[in-house]
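Heads up, the thing below is written out as C-alpha cells.
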Amino acid sequence: MTRRVWVTLGGQRNSSHQLFLFPCAGGGVGSVAPLAGELSQEFAVSALRLPGREDRFAEPPMGDLGEAVDLVAAELEPMLDGRLTVMFGHSFGALLAYLTLLRLGQPDSVQILAVAGRQAPHLPVEGMRLQDLPDSALLAALDEAGGLPTGIGRGETADLLSPIRADLALDEQHTHDARLPAVRPLLFALSGSRDPWAAPGAVGAWCERAADGFTHLRCDAGHFFPSSHATVIRRRLAALRDGVED
C-alpha cells in the first residue's frame, strides 16, 4: 500500500485555518512535533513525512527534486479545501514549500508562506556544504547547531544521517535564479541571529521574492530555532493571519 506524505496531527481539526509543516532536511513528523503542538492551538496542522525516514525508513528516499515537488503538491492539492492556509517550511523545507506553492499555481486559499532558516531561493548556498562532510564531521556540525536528538547512540547515526543526506542531495539540485517567480501570499521570513547556515541577511533577501507583503522575524537563536521559539512563532503567525483576514 502506498503511504501518503502528509500526516494530519492533532489540534483545531475544525478550525477555519489550516497549516502545513515542511520539516528541515531529514526531518519528519517527529522533528516538528514541538512546533506542531504549539501551532495546533491556532490551526489544523499537518506535517510532511517523505519516504526514507521515521516509519517510512525502509522505503527509498526521493532522488529527484522535481519528482518530490510533484508528489508533495499532488497530495496537498486535495487538502486545500477552501480554508485559509499557511505553508511553513524550515531550512530545506522552506525551499520545498516555496516550490510546492509554485507548482500548485499559488491558490488563493494560501494566505501565508512562512520560510525559516533558509536563504532566499535565488541566492547560492554560502559557507559550509554539509553534504560534503564525512559522517563524523556532519554529526559534529549538527550537534553544535543543536540539531541532534538527545541521547542518540552510535548505532543510530546511520539511520539519522541517511534521510538528511538524501534531502541535502535534493536541495543541491535547485537552480538559483534571480528570475524565479514572486510569491503572491504574504511572505513571512524567520531567521536565527546565530544560524551558521542561513544568515539573517540571506534570509531577509526573501523580500525580493515577495509580490505583495513581506515581514521578517529575527530570533536570538541558531539554526534549529522553530522548536525553541514555537510560542513566539505561533503568536506572530496568528497575528499575521488575523491581519491578512482584515
Side-chain angles (χ1 to χ4, degrees), residues 3-13 15-56 62 68-69 71-81 83-104 107 109-118 147 149 163-164 167 170-171 183 185-192 198 203 206 217 219 221 223-238 240-241:
R3 305 284 296 279
R4 297 188 62 81
V5 298
W6 288 103
V7 179
T8 301
L9 305 177
Q12 302 297 321
R13 295 179 182 271
S15 172
S16 59
H17 307 84
Q18 58 182 340
L19 185 144
F20 295 93
L21 286 170
F22 294 71
C24 62
V29 174
S31 65
V32 296
L35 180 61
E38 187 73 29
L39 294 175
S40 66
Q41 298 179 43
E42 302 282 351
F43 304 92
V45 179
S46 296
L48 184 66
R49 178 187 286 151
L50 290 173
R53 69 211 64 212
E54 297 183 337
D55 64 356
R56 304 190 66 179
M62 305 292 295
V69 173
L71 174 63
V72 172
E75 294 197 15
L76 179 57
E77 187 170 23
M79 301 176 73
L80 300 178
D81 52 13
R83 286 181 289 176
L84 298 182
T85 297
V86 176
M87 297 170 64
F88 186 108
H90 174 221
S91 196
F92 166 68
L95 173 65
L96 189 56
Y98 168 69
L99 296 176
T100 299
L101 176 68
L102 298 183
R103 190 63 52 89
L104 290 168
S109 61
V110 179
Q111 299 292 298
I112 300 172
L113 174 65
V115 288
R118 168 76 194 199
I164 292 176
D167 288 351
L170 293 180
D171 192 301
V183 172
L186 174 66
L187 189 46
F188 175 30
L190 305 90
S191 62
V203 177
W206 278 93
L217 173 65
C219 300
H223 185 69
F224 295 96
F225 63 87
S227 292
S228 60
H229 287 68
T231 299
V232 173
I233 292 171
R234 172 183 61 80
R235 290 172 177 167
R236 179 64 69 88
L237 273 174
L240 292 174
R241 174 202 63 194

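Values reported hereafter were calculated over all heavy atoms of this structure, with side chains retained and with hydrogens, waters and symmetry mates removed.
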With a 4.5 Å heavy-atom cut-off, do Leu9 and Ser40 have their side chains touching? no
Measuring from atom CG of Leu170 to atom CE of Met62, what distance do you get when rounded to the nearest 0.5 angstrom? 7.5 Å
Shortest non-hydrogen contact between Leu80 and Leu104, atoms and distance: CD1-CD1, 4.0 Å
With the side chain counted from C-beta on, respond yes when Leu237 and Leu19 share a heavy-atom pair under 4.5 Å apart, and no when they do not. yes
State, with a plain yes or no, whether a side-chain heavy atom of Val115 is found less than 4.5 Å away from one of Leu187. yes
CZ-CG distance between Arg49 and Asp55, expressed to the nearest 0.5 angstrom: 4.0 Å
Using modelled atom types and a 3.5 Å cut-off, is there a donor and acceptor pairing between side-chain atoms of Gln111 and backbone atoms of His17? no
If I take atom OH from residue Tyr98 and atom CE from residue Met87, how far apart are they, to the nearest 0.5 angstrom? 12.0 Å
Side-chain contact, heavy-atom cut-off 4.5 Å: Asp81 with Gln18? yes
How many angstroms lie between CG in Leu76 and CZ in Arg4, if you round to the nearest 0.5 Å? 10.0 Å
What is the minimum heavy-atom distance between Phe188 and Leu217, and which atoms define it? CE1-CB, 3.6 Å
Decide whether a cation-pi geometry holds between Arg241 and Phe43; the criteria are a distance under 6.0 Å from NZ or CZ to the six-membered ring centre and an angle within 45° of the ring axis. yes
Shortest non-hydrogen contact between Ala198 and Arg118, atoms and distance: CB-N, 3.8 Å
Rounding to 0.5 Å, atoms OG1 (Thr100) and CG (Leu95) come to a distance of 9.0 Å
Using side-chain heavy atoms (C-beta onward) and a distance below 4.5 Å, is Val69 in contact with Leu96? yes
Mind listing the closest non-hydrogen atom pair of Glu75 and Val5 along with its distance? OE1-N, 2.8 Å
For residues 21-38, which side-chain donor-acceptor pairs fall under 3.5 Å, sequence neighbours excluded?
{"from": "Ser31", "atom 1": "OG", "to": "Gly28", "atom 2": "N", "distance (Å)": "3.1"}
{"from": "Ser31", "atom 1": "OG", "to": "Gly28", "atom 2": "O", "distance (Å)": "2.8"}
{"from": "Glu38", "atom 1": "OE1", "to": "Thr231", "atom 2": "OG1", "distance (Å)": "3.4"}
{"from": "Glu38", "atom 1": "OE2", "to": "Gln41", "atom 2": "NE2", "distance (Å)": "3.4"}
{"from": "Glu38", "atom 1": "OE2", "to": "Thr231", "atom 2": "OG1", "distance (Å)": "3.3"}
{"from": "Glu38", "atom 1": "OE2", "to": "Arg234", "atom 2": "NE", "distance (Å)": "2.5"}
{"from": "Glu38", "atom 1": "OE2", "to": "Arg234", "atom 2": "NH2", "distance (Å)": "3.2"}

So, for His223 and Gly117, which heavy atoms are closest and what is the spacing to 0.1 Å? CE1-O, 3.2 Å
My understanding is that only one of Leu113, Ile112, Ile233, Val45 makes a side chain to side chain contact (heavy atoms under 4.5 Å, CB included) with Phe88; could you say which? Ile233
For Ser16 and Arg83, work out which heavy atoms get closest and say how close. O-CB, 3.4 Å
What distance do Cys219 atom SG and Arg236 atom CZ have between them, rounded to the nearest 0.5 Å? 8.5 Å
With Ser228 via side-chain contact (heavy atoms from CB on, under 4.5 Å) - residues at least two apart: Phe225
